[in-house]
There are 2 protein chains.
Amino acid sequence: MGENALQRKPRRNQGMSIARLAEHLGLSEGTVSRALNGYPDVAGKTRERVIDAARTLGYSPSSAARRLARGVVETVGFVLPQRAGHFSDPFLAEMLDGVAMELADSDWDLIVAAVPDGHDEPEVIDRLARTGKVGGFILTRTRRKDARVDHLRELGLPFVVHGRTEDCADYAWLDIDNEKAFVDAVRYLVELGHRRIAHIGGDMSFNFAHFRHLGYRRAMEDAELPVPAGFVAEGIADGVAADEAMTAMLSLPAPPTAVVCVTDAVALGAMRAISGAGLRPGVDVSVIGYDGLPFGLAAHPPLTTMSQSSHRAGREVARMLLALIHGAEPANSQVLWEATLTKRASASPPPPH
Amino acid sequence: MGENALQRKPRRNQGMSIARLAEHLGLSEGTVSRALNGYPDVAGKTRERVIDAARTLGYSPSSAARRLARGVVETVGFVLPQRAGHFSDPFLAEMLDGVAMELADSDWDLIVAAVPDGHDEPEVIDRLARTGKVGGFILTRTRRKDARVDHLRELGLPFVVHGRTEDCADYAWLDIDNEKAFVDAVRYLVELGHRRIAHIGGDMSFNFAHFRHLGYRRAMEDAELPVPAGFVAEGIADGVAADEAMTAMLSLPAPPTAVVCVTDAVALGAMRAISGAGLRPGVDVSVIGYDGLPFGLAAHPPLTTMSQSSHRAGREVARMLLALIHGAEPANSQVLWEATLTKRASASPPPPH
DNA sequence: TTGTATGCGTTATCAT
DNA sequence: ATGATAACGCATACAA
């Protein structure tokens, strides 16, 4: 039967609809729909027959039609960070994978949108929301003041933020406790015997950079250690800038014996500056980074670093967003995860003075 | 919540539809639709009035309804590489940004799907295609034999491949000329005076690794240089493995004076091995990588490397896919781009023997 | 337990 | 130049 039917009408799935499926079965569209959607009031035998035929004929309901009929969306939006520049976020792909994977478990989809030149993020969010393409949003690379958050708040669509803004009481977010992470890092260095500890920080308008800086300050204060002039660099975003910043620190009258860096990329730059100054990273000057990049593992010496799985974070924010859409309270969906300190050879006790 | 919030409720476009817009204007739905879609047979004044009202009331057509009525999809699918592991592809995010940006110019959208555990890529492709969620696909990280390509070929949906398979005559693709890139790299080393040139290669089931290896072999043959036993490593995927491979090469009786590496990550691993053996990378042993990673720029010495913009590639494959969907011939959509060699200090003339 | 009828928001094909 | 009206594919309230 199969061959004949196929040869006569090589109809693609293109033309497969619930109408044709119903006709094929000698049933009404309504019954087929109910059978497929697990309604209780269809005969067991009928349901079996329907499901079977649907599989055989390769029928899947049209998402557009279903959306229209039910009024629900089953798609979430993810707006890629604007002006991300090249390679600025090694975790985006990983996080997207986590998000998409979690969504797939519920048969939801992920629309990824970029911000075209000449437009801004709120515009992109608006377009996706107004055309009914998505039923919620996931945000990442959050700034302390973030126009996207403000816009979504006003829009009234469910959203989950990876990170936080200054004012984060009324929406759902998942953040790493960056402050605690850097407190831990500094404490670890203090335990190793360091007293002159510096910090190479990032763009403080980013929430993560802000809190990492804060953690450094707090831990130094707690340990009653001074933060001499020149011991804190801000706005360092890559290895080259880090190299310069570290070089400047090493030329101080009393240079640091350890440095905590806002990212691994920055830490590796700092390590090069240390080598370049004729010192041994991890021996003369200890270095700690953040990210857990594979480059760090393969560095000389291997980089001590802090990290959290982006994939897991992606899964979690997706899970949270689905819960939100299903009615959960945003204020009950605020999660703070701790980063893990991976101890390697780039941080060790300071040289005897 | 106060009455204010309730009063502002009409601000939500939730309930905005062409029907309400038409009613508001005292026109029929049909006329409004035609005015908005640029049909010629509406009075100029009417069109103005309609467009104006649409903007004021924040109306955008429901994508689901439009899809249903017109039968076109305006969304393309991108299936994330399975088992990508952590950070395995620093370009994915960049490429996605390019794809999404190009699509946005035509008001198209991008659905990014992951492959859930226990499933495979063809299944994911199938689901997206059958539910009518996408009108075409973009593939990346192509293997020489790739089940996704076979499946899409059979499915009959338009698709563009970033990379190529063994048999690539009948579909659209954009690839980098990896063979030429590595021919150029080896030639450059030969011009510098090298004669003992090695290759650290990747997983040869990947198309790019295959052709990079091929390019190395061809250039060596062209230059009539021997490839001694131990001068080619295969299946090296990260810096740690590269470190080991390079260390082995350096312990050969006549070790190489230069090495071309399948990626920058591998090249950096090789550089560490060279330093570890007490030699100077870029002086005693020259190193060339591929990718143009920022880490390479900041390495010691800065890494000579080859690259092509992933963002531009993303834009181009999206452009090609749209053309395809609009009727272009796949066989006319096959593009080979050249990589650019960036000369830095990690490759220089060999030491005098 | 099943069939019928209606609506979701748009576009397209008719009329007028 | 504009207004009815019929699809598009599905879900569901209501009848039978």
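Just so we're clear, the structure is a prediction, and the values are computed from it rather than from any experiment. Chain A is the first sequence line, chain B the second, and so forth, proteins listed ahead of strands; every chain is numbered from 1.
One can place CG of A:Leu27 at 15 Å from P of D:dC10, the figure rounded to the nearest angstrom. Between the CG atom of A:Leu68 and the C1' atom of C:dT6 there is a distance of 13 Å, rounded to whole Å. Nucleotide D:dA1 holds its P atom 18 Å from the CG atom of B:Leu25, rounded to whole Å. Regarding A:Glu74, its CD atom lies at a distance of 19 Å from the P atom of D:dG9, rounded to whole Å. Distance, B:Lys45 NZ to D:dT2 C1': 16 Å, rounded to whole Å. Summarising the geometry, the separation between CZ on B:Arg130 and P on D:dC10 is reported as 12 Å, rounded to the nearest angstrom.
Under the salt bridge (Lys or Arg N to Asp or Glu O under 4.0 Å) criterion, B:Arg127 pairs with A:Asp107, A:Asp109, sequence neighbours left out. Under the rule for a salt bridge (Lys or Arg N to Asp or Glu O under 4.0 Å), the partners of A:Glu166 that lie at least two apart in sequence or sit in another chain are A:Lys145. Take A:Arg70 and apply the salt bridge (Lys or Arg N to Asp or Glu O under 4.0 Å) test, not counting sequence neighbours, and it matches A:Glu74.
Salt-bridge annotation for A:Glu316 and A:Arg319: present, with a side-chain N of the basic residue lying under 4.0 Å from a carboxylate O of the acidic one. The pair B:Arg143-B:Asp146 does not count as a salt bridge, with every side-chain nitrogen at least 4.0 angstrom from each carboxylate oxygen. A:Asp167 has a carboxylate O that lies under 4.0 Å from a charged side-chain N of A:Arg153, or vice versa, which qualifies the two as a salt bridge. Under 4.0 Å is where a charged nitrogen must lie from a carboxylate oxygen, and between A:Asp105 and A:Arg315 at least one such pair does.
For C:dG3, one of the phosphate oxygens OP1 or OP2 lies less than 4.0 angstrom from a side-chain nitrogen or oxygen of A:Ser28. In this structure, B:Ser17 does not reach the C:dC8 phosphate: none of its side-chain N or O atoms is under 4.0 Å from OP1 or OP2.
Over its full length, the helix from C:dT1-D:dA16 to C:dT16-D:dA1 turns its helical axis through 50°, comparing axes from the five pairs at each end and rounding to 10°.
Counting non-hydrogen atoms under 4.0 angstrom, B:Gly26 reaches the backbone sugars and phosphates but no base. Nucleic acid contact for B:Ser60: sugar-phosphate only, since backbone atoms but no base atoms lie under 4.0 Å from a heavy atom of the residue.
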Is there a ring pair (Phe, Tyr, Trp, His ring centres under 6.0 Å) between B:Phe137 and B:Phe78 once you walk through the steps?
CA-CA 6 Å; B:Phe137 280 95; B:Phe78 189 110; 9.8 Å; no
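Sequence neighbours left out, not one pair with a member in residues 41-53 of chain B passes side chain to side chain donor-acceptor pair (under 3.5 Å).
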Nucleotide by nucleotide, 5' to 3', does protein get under 4.0 Å of the base (B), only the sugar-phosphate (S), or neither (-) in nucleotides 11-16 of chain C, counting heavy atoms?
BBB---
